Amino acid sequence: MPPTDTDLAAMRLAIDASRQALDAGDMPYGATLVSPAGQVLLTERNRQLSTGDCSAHAEMVLVRRATQQLGAAALQGATVYASGEPCAMCAGALFWAGVGRVVYAAAQPDMAALLGGPLLPARCADLLAAATPPVAVTGGVLADEAMAVLRDAAAR
């Protein structure tokens with residue numbers, strides 16, 4: 001199924017947040033939370049380096065902020081758009097938060113090939129498909145746009 005206009009708009013917000021993260025000196029990742037009704041609720045960026053918190057991936061920051069500002073119910077059945085495929089930590093957090101769908105742009109193997117570094121090679125779709133209940137995962141939405149930001153990070 002091709003991405004909807006909502007998918008594209010929300011992913012572009014996540015990719016914009018990834019650029020903001022890079023410009024702030026953090027790893028170039030962003031995430032957007034969209035309600036089951038299609039309303040954009042929040043967008044966040046990676047804050048690992050600026051906060052010194054190894055768990056401050058964009059998706060984790062998004063879940064924490066949504067819980068604090070909107071309440072945990074806002075995450076139930078929502079969709080999270082991530083500029084990069086969520087890692088195992090983030091996939092687990094999204095599952096436990098009750099997110100119903102995850103959409104990502106850049107795939108983990110592509111990010112790893114470009115950026116190198118430590119790798120936890122667990123694919124988001126595999127983890128979330130095996131969950132009870134399973135969480136729908138769609139990958140590759142606007143991947144080229146997300147990879148452009150990652151290439152900028154690799155060039156720095």
Side-chain angles (χ1 to χ4, degrees), residues 3 6-35 39-72 74-75 78-128 131 135 137-156:
T6 299
D7 292 336
L8 297 174
M11 186 60 76
R12 285 202 169 99
L13 290 172
I15 293 169
D16 288 346
S18 75
R19 170 74 60 197
Q20 293 168 17
L22 179 60
D23 291 345
D26 283 302
M27 297 300 291
Y29 299 103
T32 301
L33 178 66
V34 175
S35 75
Q39 178 186 10
V40 173
L41 300 175
L42 292 172
T43 299
E44 261 301 345
R45 66 176 182 82
N46 184 293
R47 296 178 186 273
Q48 279 180 279
L49 301 174
S50 59
T51 63
D53 178 355
C54 67
S55 71
H57 294 196
E59 301 91 337
M60 297 291 290
V61 175
L62 185 75
V63 166
R64 290 175 185 140
R65 185 171 159 216
T67 301
Q68 291 169 351
Q69 292 182 359
L70 305 172
L75 292 153
T79 299
V80 169
Y81 295 82
S83 66
E85 182 176 355
C87 71
M89 173 184 68
C90 292
L94 296 173
F95 171 78
W96 291 114
V99 168
R101 180 175 175 232
V102 174
V103 180
Y104 67 84
Q108 182 223 47
D110 297 330
M111 294 184 300
L114 181 63
L115 299 174
L119 179 65
L120 183 59
R123 300 298 304 269
C124 176
D126 295 339
L127 292 170
L128 294 177
V135 177
V137 177
T138 302
V141 175
L142 300 178
D144 291 342
E145 292 180 31
M147 286 300 293
V149 178
L150 294 168
R151 281 191 292 279
D152 288 348
R156 291 188 180 189

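Just so you know, these numbers come straight off a predicted model, no measurement behind them. Just so you know, residue 1 is the first one in the sequence shown, and it goes up from there.
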Discussion item. Please evaluate residues Leu94 and Val135 with respect to the criterion side-chain contact (heavy atoms from CB on, under 4.5 Å), reporting the C-alpha separation (whole Å), side-chain torsions for both, the decisive distance (0.1 Å), and the verdict.
Written reply: CA-CA 9 Å; Leu94 296 173; Val135 177; over 6 Å; no

Worksheet item: Does the pair Val102 and Cys124 meet the rule for a side-chain contact (heavy atoms from CB on, under 4.5 Å), with working shown?
Response: CA-CA 9 Å; Val102 174; Cys124 176; 4.2 Å; yes

Practice prompt. Under the side-chain contact (heavy atoms from CB on, under 4.5 Å) rule, what do Met147 and Asp144 come out as? Steps first, then yes or no, please.
Written response: CA-CA 5 Å; Met147 286 300 293; Asp144 291 342; 5.6 Å; no

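Between Ala14 and Tyr81 the shortest heavy-atom distance is CB-O, 3.6 Å. What you find for Ala107 and Arg123 is that their closest heavy atoms are CB-NH2, 3.9 Å. Looking at every heavy atom in both residues, Glu85 comes nearest to Ala125 through OE2-N, 4.3 Å. Smallest separation of non-hydrogen atoms from Gln108 and Pro121: NE2-CA, 3.2 Å. Residues Ala91 and Pro86 share a closest heavy-atom pair of N-CB, 4.2 Å. For the residue pair Arg47 and Asp26, the shortest heavy atom distance occurs at C-OD1, 3.4 Å.
Note that the OG1 atom of Thr43 and the CG atom of Leu62 stand 7.5 Å from one another [nearest 0.5 Å]. Separation of atoms OG (Ser83) and CD (Glu59) is listed at 7.5 Å; rounding is to 0.5 Å. For the atom pair CG of Leu150 and CD of Glu145, the computed distance is 12.5 Å after rounding to the nearest 0.5 Å. The structure places OG of Ser55 at 3.5 Å from CZ of Arg64, a figure rounded to the nearest 0.5 Å. To the nearest 0.5 angstrom, Leu33 atom CG is 4.5 Å from Leu41 atom CG. Between the CE atom of Met60 and the OH atom of Tyr29 there is a distance of 16.0 Å, given to the nearest 0.5 Å.
The side-chain hydrogen bond (donor to acceptor under 3.5 Å, both in side chains) test applied to Asp126 returns no partner, not counting sequence neighbours. Residues meeting the side-chain hydrogen bond (donor to acceptor under 3.5 Å, both in side chains) test with Arg151, sequence neighbours left out: none.
In this structure, Gln48 contributes its side chain and Cys54 its backbone to a donor-acceptor pair below 3.5 Å.
Screening Leu8, Thr138, Leu142, Val103 for a side-chain contact (heavy atoms from CB on, under 4.5 Å) with Pro3, the sole residue that qualifies is Leu8.
Ionic pairing of Asp7 and Arg101 is present here: one or more N-O contacts between side-chain nitrogen and carboxylate oxygen are shorter than 4.0 angstrom.
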